Amino acid sequence: MGSNREAVRRGDVQAASTTLEYTREVADRVDHIYEKMRSVVPQIEWPVFAPEIDEILRLKAERKAVILAHNYQTPEIFHGVADIVGDSLALARRATETDAPVIVQAGVHFMAETSKLLNPEKTVLIPDLGAGCSLAESITPADVRRLREAYPDTPVVTYVNTSAAVKAESDICCTSGNAVRIVESLGADRVIFIPDEYLGKYVATQTDVQIITWKGHCEVHERFTPQELIDYRRAYNDLRIIAHPECPPEVLAEADFVGSTSQMIGFVREEHPGRVLMVTECSMSDNVAAEAPQTEFVRPCNLCPHMKRITLSGIRESLEKLGPEVSVDPAVADSARRAVERMLEVQ
Ligand code: 13P
Ligand code: SF4
């Protein structure tokens, strides 16, 4: 990685011209990419995205970088520049498989931290260090220590939507895609499940293990109400409702299917519903709609303000400057990594 940094210092890596233009050459290189997002990105926007995408692809090759993008990223990122897309579990797994010396995380900070934990020797970039998460904000390492005192000899299962410092206080991590499996893998009668209260309550409906929850919530998913789902169902009698388990229990009770973002995408791919409502962050519907023309998406639009801090120009700048870089406090890195790796060992 040092060589990349030296290259920046020497000015070997060509910075983009200050104004990127949609020239004939740019069109020849990247217009084919537009086909992947034609149904969700208006044609009038393409001349703005195309030169950014062209420049990112050039910088990515020069830096030998990969872009890991979460399912909530906007279509021009998700379909335009990402090398690997997925839910938190898939991104964590795929982060262990890449040989690229530079990882750009198109997602929120805890995701980039997980990539760094699993790739301590690589440069992990996040275009905006302020891309946080209300769940990660909801709990501190001291809170976890207090929970352990209150419930002695009870393992701590920590959702990956947390800081590395909180992960370091935990026995094992989980994602929304494997939470039930992880809880049951411990063979305990009772677990402390942090920090998402609603995911914890959902897990409790799927297992006999007693779940002690914390009071963290996702600011995007907690806004959905059962009444809006009931109203949508009344409006469209063929509607399939699929929801993320970060939603409140009364909302999940109205859903036909509950799963992680990738499991929700899998539902659309396998079931080919005529009409679907994805009860989650709204860019997901755009990303899936681009590849599912047979399905009509009903879109209540709840945006994650943190995910939306990641933009094409931010990705381009982070590749140009090799920053901002994500680092993990060495005092917590080994323990946090152990909790993530223990999760990845559970099949
Ligand atoms: P997934 O792991 O299901 O993609 O969820 C991550 C997330 O932040 C959902 O809000
Ligand atoms: Fe965090 Fe919710 Fe945003 Fe996911 S959608 S990153 S849980 S605030």
Side-chain angles (χ1 to χ4, degrees), residues 68-74 77-78 82 84-95 105-115 118 126-139 157-163 166-167 173-182 193-203 206 213-224 242-248 251-252 255 257-268 278-288 300-310 326 340 343-344 346:
L68 267 51
H70 186 259
N71 292 325
Y72 292 162
Q73 291 297 296
T74 47
I77 294 174
F78 188 90
I84 294 165
V85 294
D87 63 5
S88 312
L89 180 60
L91 295 180
R93 279 201 195 288
R94 299 293 298 276
Q105 197 86 30
V108 292
H109 190 265
F110 75 80
M111 295 176 176
E113 237 180 15
T114 304
S115 293
L118 296 171
I126 185 163
D128 189 330
L129 279 167
C133 171
S134 64
L135 281 167
E137 287 299 310
S138 73
I139 191 159
V157 178
T158 294
Y159 194 28
V160 285
N161 297 38
T162 43
S163 66
V166 165
K167 289 183 176 77
C173 287
C174 75
T175 70
S176 59
N178 64 13
V180 177
R181 224 164 46 240
I182 296 291
F193 188 97
I194 56 170
D196 187 350
E197 180 183 10
Y198 298 148
L199 177 60
K201 287 192 165 161
Y202 173 70
V203 171
Q206 307 294 307
T213 55
W214 181 247
K215 54 186 185 307
H217 298 148
C218 162
E219 66 185 271
V220 178
H221 291 88
E222 72 175 350
R223 289 210 302 271
F224 291 105
I242 61 178
H244 196 277
E246 289 173 6
C247 295
V251 170
L252 297 183
F257 174 83
V258 175
S260 78
T261 56
S262 288
Q263 289 163 346
M264 293 167 84
I265 295 172
F267 178 96
V268 174
M278 290 185 148
V279 191
T280 192
E281 214 269 353
C282 62
S283 287
M284 256 243 324
S285 292
D286 291 338
N287 292 332
V288 193
C301 201
N302 285 358
L303 281 171
C304 172
H306 311 289
M307 288 280 179
K308 264 53 228 185
R309 292 176 87 125
I310 310 302
V326 174
V340 175
M343 167 185 85
L344 294 176
V346 176

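For the numbers below, each heavy atom of this structure counts, side chains included, while hydrogens, waters and symmetry mates do not. The structure displayed is predicted, hence computed values, not measured ones. All ligand and atom numbering here is 1-based and tracks the order in the structure.
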message: Is it the case that ligand 1 has an N or O less than 3.5 angstrom from some N or O of Asp87?
response: no
Just to check, does [X] reach to within less than 4.0 Å of ligand 1 when the distance is taken from its heavy atoms?
X	result
His70	yes
Cys218	no
Glu281	no

message: Testing the 3.5 Å rule here: is there a donor-acceptor pair between the side chains of Ser88 and Tyr159?
response: no
Pair Glu197 + Lys201, salt bridge at N-O below 4.0 Å: yes
- request: Show your reasoning for whether side-chain contact (heavy atoms from CB on, under 4.5 Å) applies to Ile310 and Ile77.
  value: CA-CA 9 Å; Ile310 310 302; Ile77 294 174; 4.3 Å; yes
- request: For Ser260, counting its heavy atoms only, list the atoms of ligand 1 lying under 4.0 Å from any of them.
  value: 3 (O)
query: If you count the atoms of ligand 1 from 1 in the order shown, which ones are under 4.0 Å from a heavy atom of Ser176?
result: 1 (P), 2 (O), 3 (O)
- request: Evaluate the side-chain proximity of Val279 to Val251: yes if any heavy-atom separation is below 4.5 Å, no if none is.
  value: yes
Nearest to [atom], what protein heavy atom do you find, and at what distance?
atom	result
atom 2 (O) of ligand 1	Ser88 OG, 2.7 Å
atom 4 (Fe) of ligand 2	Tyr72 CE1, 4.0 Å
atom 8 (O) of ligand 1	Asn161 ND2, 3.3 Å
atom 7 (C) of ligand 1	Glu246 OE2, 3.7 Å
atom 5 (O) of ligand 1	His244 NE2, 3.3 Å

query: With no hydrogens and no angle check, is any side-chain donor or acceptor of Trp214 less than 3.5 Å from a backbone partner on Ser138?
result: yes
query: Is the backbone of Glu219 close enough, under 3.5 Å, to the side chain of Arg223 for a donor and an acceptor to pair up by distance?
result: yes
- prompt: With Tyr72, which of Asp286, Thr280, Asn287 fulfils side-chain hydrogen bond (donor to acceptor under 3.5 Å, both in side chains)?
  reply: Thr280
Hey, is [X] touching ligand 1 through its side chain, its backbone, both or neither, going by heavy atoms under 4.0 Å?
X	value
Asn71	neither
Thr175	neither
Gln263	neither

message: For His221 and His244, take the angle between the two ring planes, folded into 0 to 90°, and tell me which bin it lands in: parallel under 30, tilted 30 to 60, perpendicular over 60.
response: tilted
task: Show the numbers, then the answer: is there a side-chain contact (heavy atoms from CB on, under 4.5 Å) between Val340 and Leu118?
output: CA-CA 8 Å; Val340 175; Leu118 296 171; 4.0 Å; yes
- prompt: SG of Cys133 to SG of Cys218, below 2.5 Å?
  reply: no
- line: The reported gap from CG in Asp87 to CE in Met284 (rounded to nearest 0.5 angstrom) is 9.5 Å
task: Report the C-alpha separation of Lys308 and Ser283 in whole Å, then their side-chain angles, then the decisive distance to 0.1 Å, and conclude whether the side-chain hydrogen bond (donor to acceptor under 3.5 Å, both in side chains) test is met.
output: CA-CA 9 Å; Lys308 264 53 228 185; Ser283 287; 2.6 Å; yes
- prompt: What's within reach of atom 2 (Fe) of ligand 2, meaning protein N/O/S atoms under 2.8 Å?
  reply: Cys218 SG
side-chain hydrogen bond (donor to acceptor under 3.5 Å, both in side chains) contacts in which one or both residues fall within residues 105-115, not counting sequence neighbours: Gln105-Ser115
